[in-house]
Structures are given as structure tokens and as C-alpha cells.
Protein chains: 2
Amino acid sequence: MAEQAGTPRRTPLSRERILRTAIALADTAGIESLSMRNLAQELGVVPMALYKHVANKDELLDAMIDMVVGEIDTSIPDTDWKQAIRGRILSARSALQRHPWAALAIESRNMATPAILGYLDSVVATLRSGGLSADLAHHVMHAMGSRVLGFSQELFDTARDAGRSGPAAAPQPAAMPPEVAARFPHLAEIATAASHDDASVVGSGCDDQFEFEFALDLLLDGIERLQQQGWTSAHR
Amino acid sequence: MAEQAGTPRRTPLSRERILRTAIALADTAGIESLSMRNLAQELGVVPMALYKHVANKDELLDAMIDMVVGEIDTSIPDTDWKQAIRGRILSARSALQRHPWAALAIESRNMATPAILGYLDSVVATLRSGGLSADLAHHVMHAMGSRVLGFSQELFDTARDAGRSGPAAAPQPAAMPPEVAARFPHLAEIATAASHDDASVVGSGCDDQFEFEFALDLLLDGIERLQQQGWTSAHR
DNA sequence: CTTGACAGGTGTACGGCGTACACCTACCGT
DNA sequence: ACGGTAGGTGTACGCCGTACACCTGTCAAG
């Protein structure tokens with residue numbers, strides 16, 4: 001229908017389309033190659049055209065973040081608070097894994113898009129309705145830190161670089177070159193420790209999902225214990 | 001001595017001097033205003049001069065990170081592992097607080113300067129000598145994540161923006177504007193919860209140091225419990 | 001049917017960035 | 001005396017974000 005050959009007239013550009021293209025670009029090519037010029041080209045449009053729909057690059061990034069945060073499943077199961085929180089956080093994690101650039105982007109912002117605030121608020125609500133005091137809930141949010149948004153926060157982050165065009169993006173830097181292992185013997189020791197009896201692990205060795213849940217449960221169990229023994233700020 | 005007036009000939013530039021100036025600049029003006037051109041000017045030198053001492057900006061950043069990590073006190077007290085780790089991490093935290101740009105810089109790097117590896121290795125060594133299995137030590141390192149480097153990782157990060165020239169850098173955004181509080185009632189509730197009986201807190205209300213130690217102890221206590229009950233990877 | 005406002009895409013230009021590359025110059029060991 | 005070399009300089013390129021003036025198609029009011 002319509003659309004003669006003369007002027008190809010792409011679908012007419014809109015904030016929505018810009019955001020989706022930007023996210024797709026960041027997902028596949030890495031956040032560092034998301035420039036206004038790049039993005040415009042992807043949309044078949046001149047760079048300045050974007051500014052009719054977003055204020056500037058920072059606002060664009062904020063909007064992208066909000067869209068990712070919006071992917072987090074916050075449907076509330078009526079189990080106990082611990083399971084509810086656990087589920088929410090694991091959902092957050094999977095959203096952030098679909099968009100590896102998002103974690104760093106969120107941290108770089110001084111803070112708090114409305115979507116993030118809304119999500120945090122819902123988490124706090126769950127804690128409170130689970131019987132935690134406002135005080136304890138406060139400390140818990142700090143303790144969870146960005147983990148509540150699903151950040152693996154690993155330091156040795158395997159995902160981060162993301163991108164690559166091909167489907168196989170090099171499985172891993174492969175264990176550890178021996179001269180490095182020699183200089184850091186204890187790291188070398190534990191690097192191989194966890195993969196010993198587990199078949200699901202292929203690369204240099206650790207199951208990110210397991211590690212994430214290990215830490216998460218460590219925190220959740222500790223929190224539950226505090227709650228059960230009626231924690232108050234009797235410290236300091 | 002020497003140094004006539006004709007050519008002011010600043011102290012002759014060196015990798016050391018570049019690094020120190022770069023760190024000072026990042027500390028006081030913020031990492032985003034550390035450019036090669038800026039830094040060169042600060043040193044009274046033309047930008048390209050820097051490249052005789054550092055390979056490029058990335059290498060410069062890595063070296064800056066290494067210098068900050070080098071500030072972490074790793075002297076080993078012969079108390080138990082838990083106290084040793086605790087002390088190390090709190091020292092890391094104070095180093096990172098002196099250089100607010102460092103946390104983000106470290107996370108942006110795909111990973112691991114030698115100094116960081118060395119530090120991590122020493123932490124693992126302490127865990128192992130405290131009797132933790134290699135396996136458990138591995139998971140513990142993941143669970144601690146970047147907290148082992150003293151990251152507050154707060155999400156609502158009060159420090160980050162850093163810089164400012166004057167001594168008073170605005171104490172805090174002041175609690176929460178009421179229309180925001182209305183939209184996020186649970187956040188509003190806990191935002192004020194923790195400051196109730198504590199005089200040491202002035203701003204909008206939380207004692208970062210306390211929160212950090214709260215989370216740290218939650219993790220350490222949980223780990224100790226696992227160790228005491230002889231944890232093995234009997235999960236999954 | 002004319003008109004004029006306005007939303008949305010365009011073109012040009014500016015200042016800043018990292019850094020490649022050719023150069024110059026002062027010093028040093030032979 | 002001299003050639004090499006370490007270290008500072010100058011110019012230039014291609015990228016970035018974006019200010020600002022401009023054009024063009026659409027549509028409502030006269």
C-alpha cells in the first residue's frame with residue numbers, strides 16, 4: 001500500500017522507534033558504539049533528526065534504562081516475602097543479562113529514573129508486608145545494593161564486552177595463562193575449584209547463575225535470621 | 001638551584017608525575033573532565049608529550065587504578081580470618097572513598113590489572129589459611145563481588161559526583177521532594193527510618209559507613225556459618 | 001482555495017576529544 | 001666531534017555531541 005519507489009520514506013521515526021533501535025544497537029554492538037550519528041544512520045536519518053524526539057544523549061540513555069527496567073517481572077506471587085524477593089531479583093538479573101550495557105549505564109547515572117524508583121518501591125513494599133521493620137528494610141536495601149537490580153557485579157565480569165556479530169563470541173579467555181597462575185597461586189587454586197564435579201560448565205569454569213544465587217541466598221538467609229530474632233538497631 | 005628565568009622549565013615530566021597529577025585531577029574535578037589535553041595543560045606541556053610516557057588513555061586509567069589499589073593496606077594482623085578480611089575490605093573502602101572515580105573506572109575495565117589480581121590473591125590466601133575449602137573460597141569471592149574492593153555499590157550513591165571546588169559540596173539532595181514521596185510511599189518510609197535515633201547523621205539520612213559494615217557483616221557471618229557446618233557443594 | 005502555523009527532517013558548523021606522524025632539540029657515550 | 005636517542009612540539013585527521021538556521025509537507029482556519 002502507498003509508498004512508491006521514488007522516495008523510500010522509512011517508517012516515520014518516533015521516540016519509541018528510536019529507543020528500540022538504540023537498545024538493539026547497544027545490545028549487539030556494545031554501548032560504546034552507540035553514538036547519535038551511528039544511531040541516526042541505523043534509522044536512515046540525519047543525526048539532528050533525533051533531537052526532535054529526545055532532548056540529548058543523556059536523556060536517551062535514561063529512557064533506554066527505563067525500558068530495560070520495565071522488562072523486570074514484578075507480578076507478585078503470594079508466597080512468602082523471601083521467595084517473592086528472590087523471584088523479582090532473578091527476573092531483574094535476566095533482564096540485565098539481555099542488555100549487558102545496562103548495568104554500567106545505570107551505575108554511571110547519578111541515579112534514579114522513575115522506573116527504577118518504582119521497582120525499588122515495589123521491592124520495599126514486599127519486604128514490609130513480609131513483616132520487616134522499616135528500619136530493617138532500609139538496611140536490607142543497602143545491603144543488597146545494586147544486586148537488587150540483578151547486577152552480577154562480579155569484578156571478573158564475563159559478559160560485559162557483549163556484541164560480536166557472529167553467534168559464537170569466544171567462550172572464555174580459557175582458564176589462566178600459566179605464568180599468571182604462578183604469580184597468583186591462590187587465585188589459580190580457586191579458579192579451578194568449582195568446576196570439578198559439575199558437567200554443566202564448559203569454559204574456564206564457573207556457573208554465573210549458581211554464583212549469583214549463592215550470594216543472593218547468603219544475603220536472604222542472613223536477613224531472614226535477623227528478622228526472626230527481632231532485629232533492632234541495637235548496634236553502634 | 002639552576003633554572004634561570006628565561007625558560008621556566010617545569011619539573012621534567014615522568015610517568016610518576018603524570019599519574020599523580022591525573023589522579024589529583026580526577027579527584028578534584030571528576031573523572032569526566034580528565035582528558036589528555038586537560039591533563040597536559042595541568043602539567044604545562046603539550047598533549048602529545050604524555051604519549052612518551054603512557055601508551056594511551058586506557059593504559060593511563062589502568063595505571064591510575066593500580067595506584068589506588070596500591071593504597072589498600074594489606075598488612076596482615078594475626079587475628080582470625082574474619083577480622084583480617086574485614087579490616088582489608090574496610091581499608092579498601094577508605095581508599096576508594098578518597099578516589100570516588102575509581103569504582104566506576106574499575107568496573108568499566110573488562111578486568112584485572114596486576115595490582116587488583118595481587119590484592120584478590122591476598123584475600124583468597126587469607127580465606128584459605130582460615131580453613132575455608134578452595135571451593136567455598138571461590139563462591140565467597142563471587143558473593144563478595146566488588147564489595148571486596150570496597151565498593152559501596154549503592155545505587156543511591158551519595159559520593160559519585162565528587163569534585164566541586166568549594167569545601168562545602170551540598171550536604172545532600174535533602175530528603176525527598178513531597179510529590180516524589182507520594183509516588184513511592186515505601187521508599188519514603190524507609191528513607192527516614194534509619195536516622196531516627198542516631199545523632200551522627202545530618203543530611204537526608206543514612207550513615208554510609210554503617211550500611212557498608214551492616215552488609216559486610218551479614219555476608220561474613222553467613223560465610224562463617226557455612227564454614228562451621230562444613231559446607232560442600234551439595235547444592236544443585 | 002489560500003494561507004500560515006507548526007511538526008519534523010536537513011545541512012552546516014563549532015568546539016572538544018584521542019592520537020598518528022613528522023619534526024626538532026638537547027644530551028650522552030664514544 | 002658526532003651520531004643516537006629520549007623526550008617535548010605542531011599539525012592534522014576522524015570521531016563525538018549538539019546549536020542554529022533552514023526547508024518541507026500537513027492541516028486547520030479564513
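In what follows, chains carry the letters A, B, and so on, assigned in the order in which the sequence lines appear, proteins first and then strands, with residues in each chain numbered from 1.
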Are there any protein N/O atoms within less than 3.5 Å of an N/O atom in nucleotides 3-5 of chain D, and if so, which ones and at what distance?
none

Per [X] side chain, nearest of listed nucleotides [options]:
X: L13(A); options: dT19(C), dG8(D), dG9(C); answer: dG9(C)
X: V46(A); options: dG11(C), dG8(D), dC17(C); answer: dG11(C)
X: N38(B); options: dT10(C), dC17(C), dC16(D); answer: dC17(C)
X: M48(B); options: dG10(D), dT10(C), dC16(D); answer: dG10(D)
X: R37(A); options: dA13(C), dG18(C), dG9(C); answer: dA13(C)

Atom-to-atom span, [atom1] of [X] to [atom2] of [N] - whole angstrom:
X: L50(B); N: dG10(D); atom1: CG; atom2: C1'; result: 15 Å
X: L39(A); N: dC16(D); atom1: CG; atom2: P; result: 11 Å
X: E32(B); N: dC17(C); atom1: CD; atom2: P; result: 12 Å
X: M36(B); N: dT9(D); atom1: CE; atom2: C1'; result: 15 Å
X: I31(A); N: dC16(D); atom1: CD1; atom2: C1'; result: 15 Å
X: R15(B); N: dA6(D); atom1: CZ; atom2: P; result: 16 Å

Legend entry - Close residues, residues 51-68 of chain A, relative to DNA chain C [heavy-atom separation under 4.0 Å]: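 Of all residues in residues 51-68 of chain A, the ones placing a heavy atom under 4.0 Å from DNA chain C are K52(A), H53(A).
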
Inset, instruction - Report yes or no: does R88(B) contribute a side-chain atom to a donor-acceptor pair with the main-chain N or O of V148(B) at less than 3.5 Å? - result: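 Not at all, since once roles are kept as given, no pair shorter than 3.5 Å links the two residues.
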
Legend entry - Closest heavy-atom pair and its distance - N38(A), S33(A):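 For N38(A) versus S33(A), the nearest heavy atoms are ND2-O, 3.2 Å.
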
Legend entry - Heavy-atom closest contact (L218(B) atom, A143(A) atom, distance):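 So the minimum-distance heavy-atom pair works out to CD2-CB, 4.2 Å.
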
Inset, instruction - Using the test salt bridge (Lys or Arg N to Asp or Glu O under 4.0 Å), find all partners of R128(B) that sit at least two apart in sequence or belong to another chain. - result: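 R128(B): salt bridge (Lys or Arg N to Asp or Glu O under 4.0 Å) contacts with E189(A).
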
Legend entry - Heavy-atom side-chain contact between M144(B) and L149(B) under 4.5 Å: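 No, too far: nothing below the 4.5 Å cut-off.
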
Legend entry - Pairwise 5' ranking along DNA chain C for S14(A) and P47(B), keeping only the more 5' one: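 That would be S14(A).
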
Legend entry - Where at least one partner belongs to residues 43-59 of chain A, residue pairs that pass salt bridge (Lys or Arg N to Asp or Glu O under 4.0 Å), sequence neighbours excluded: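 Of all non-adjacent pairs touching residues 43-59 of chain A, those that pass salt bridge (Lys or Arg N to Asp or Glu O under 4.0 Å) are R15(A)-E59(A), D58(A)-R109(A).
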
Legend entry - Listed once per pair and sorted, the salt bridge (Lys or Arg N to Asp or Glu O under 4.0 Å) pairs that draw on residues 176-185 of chain A, sequence neighbours left out: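 Passing the test, one end in residues 176-185 of chain A: no pairs.
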
Legend entry - Set of side chain to side chain donor-acceptor pair (under 3.5 Å) partners for R20(B), sequence neighbours left out: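 R20(B): side chain to side chain donor-acceptor pair (under 3.5 Å) contacts with E16(B).
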
Inset, instruction - Report the distance from atom CG of L50(A) to atom CZ of R37(A), rounding to the nearest 0.5 Å. - result: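 Atom-to-atom, L50(A):CG and R37(A):CZ are 11.0 Å apart.
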
